[in-house]
Amino acid sequence: MIKKGINFVLNLVMSVLVLGLICVLLISSTAFRKEYIKEKMRENHFYDRTYSDIKEDFENYTMQSGLELEILDGLFTKEKVEKDINSKIDAIYGGKKAKIETDSIKSELDSRINLALEEKNRVPSEDEKKSIQKYEEVIVDCYQSGILYGRDFSISSKYLGLAKNICITAIIVISILLLIINRSILKYISFIGINLLFSGILCASIKFLLEKRVQHILILDAKFSNLLVNCLNDCIEKFYHFGIIAAILGVILIVLGSLEKIKKTIENEIN
């Protein structure tokens with residue numbers, strides 16, 4: 001009775017650890033991998049939509065200032081937006097602070113405004129100079145805030161790696177204890193099968209519990225919400241497929257681990 005109780009507790013703990021290890025591995029290969037995020041951004045046209053949003057904001061501020069919209073033509077490119085976003089992502093995952101280059105935008109904009117004034121033979125007054133300077137600063141701030149919303153933060157996989165090592169170490173220790181207590185490889189294989197089946201069912205059930213709920217998430221704006229929903233859907237699918245594989249493998253191991261018991265039952269019935 002005591003042996004069964006110990007086996008139950010150890011298997012329960014191992015099941016939680018196996019599930020935790022699966023979660024850590026899947027998160028490490030998705031949200032905590034910058035290449036994955038960049039790929040998802042391309043799939044969801046995040047770079048193009050960011051370019052369009054920044055351009056639209058530029059146009060709104062320009063119309064308010066009384067300047068012609070033509071002054072914005074070719075002021076910045078989609079390639080620059082993508083490069084700046086990627087630089088910021090690299091900095092976020094590298095634990096650094098990204099500096100977005102805006103001097104070229106301000107310098108080009110200043111040159112265009114001065115040229116437009118020269119063509120009209122106008123010399124700006126002191127108040128107009130201050131207005132022009134303020135407008136240029138607003139445009140620069142608008143661009144900086146448009147690149148990943150101007151947020152500065154960092155993502156570190158340090159604790160994720162620590163959690164992975166703890167799970168693996170604890171699983172090994174519990175495996176050794178189960179082998180010592182039961183002194184049977186087949187029984188241990190059966191225990192592993194039960195753990196995989198339990199973890200697999202939970203992973204697969206996430207699809208039915210969360211898939212419809214995440215579709216209506218709205219955070220920051222439409223482009224970010226679409227990106228987030230797409231990433232979550234992808235993670236849910238990964239959990240589902242991994243869960244199915246784990247559950248099937250678990251059933252196979254349970255059957256293999258029970259072969260000796262099945263053999264003895266058949267022999268007893270024959271005798």
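Just so you know, residue 1 is the first one in the sequence shown, and it goes up from there.
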Under 3.5 Å, side chain of [X] to main-chain N/O of [Y], donor-acceptor pair present?
| X | Y | value |
| --- | --- | --- |
| T77 | K80 | yes |
| D110 | K106 | no |
| N165 | G161 | yes |
| N233 | V229 | yes |

Output yes when R112 and E108 qualify as a salt bridge under the 4.0 Å nitrogen-oxygen rule, no when they do not.
yes

Presence of salt bridge, E137 and K134, under 4.0 angstrom:
no

Mind telling me whether Y240 and F208 have parallel, tilted or perpendicular rings, with 30° and 60° as the class edges?
perpendicular

Checking side chain to side chain donor-acceptor pair (under 3.5 Å) for the pair S29/Y36: CA distance, chi angles, key distance, verdict?
CA-CA 8 Å; S29 65; Y36 173 84; over 6 Å; no

Y143 side chain reached by V81 side chain, heavy atoms, under 4.5 Å:
yes

Shortest non-hydrogen contact from [X] to [Y]?
| X | Y | answer |
| --- | --- | --- |
| M41 | L227 | N-CD1, 3.9 Å |
| T62 | E68 | CG2-O, 3.7 Å |
| S225 | I219 | OG-N, 2.8 Å |
| E59 | L69 | O-CD2, 3.6 Å |

Among L19, I194, V16, L17, exactly one meets side-chain contact (heavy atoms from CB on, under 4.5 Å) together with S199. Which residue is that?
L19

Strictly by modelled atom types, are N86 and K38 linked by a side-chain donor-acceptor pair under 3.5 Å?
no

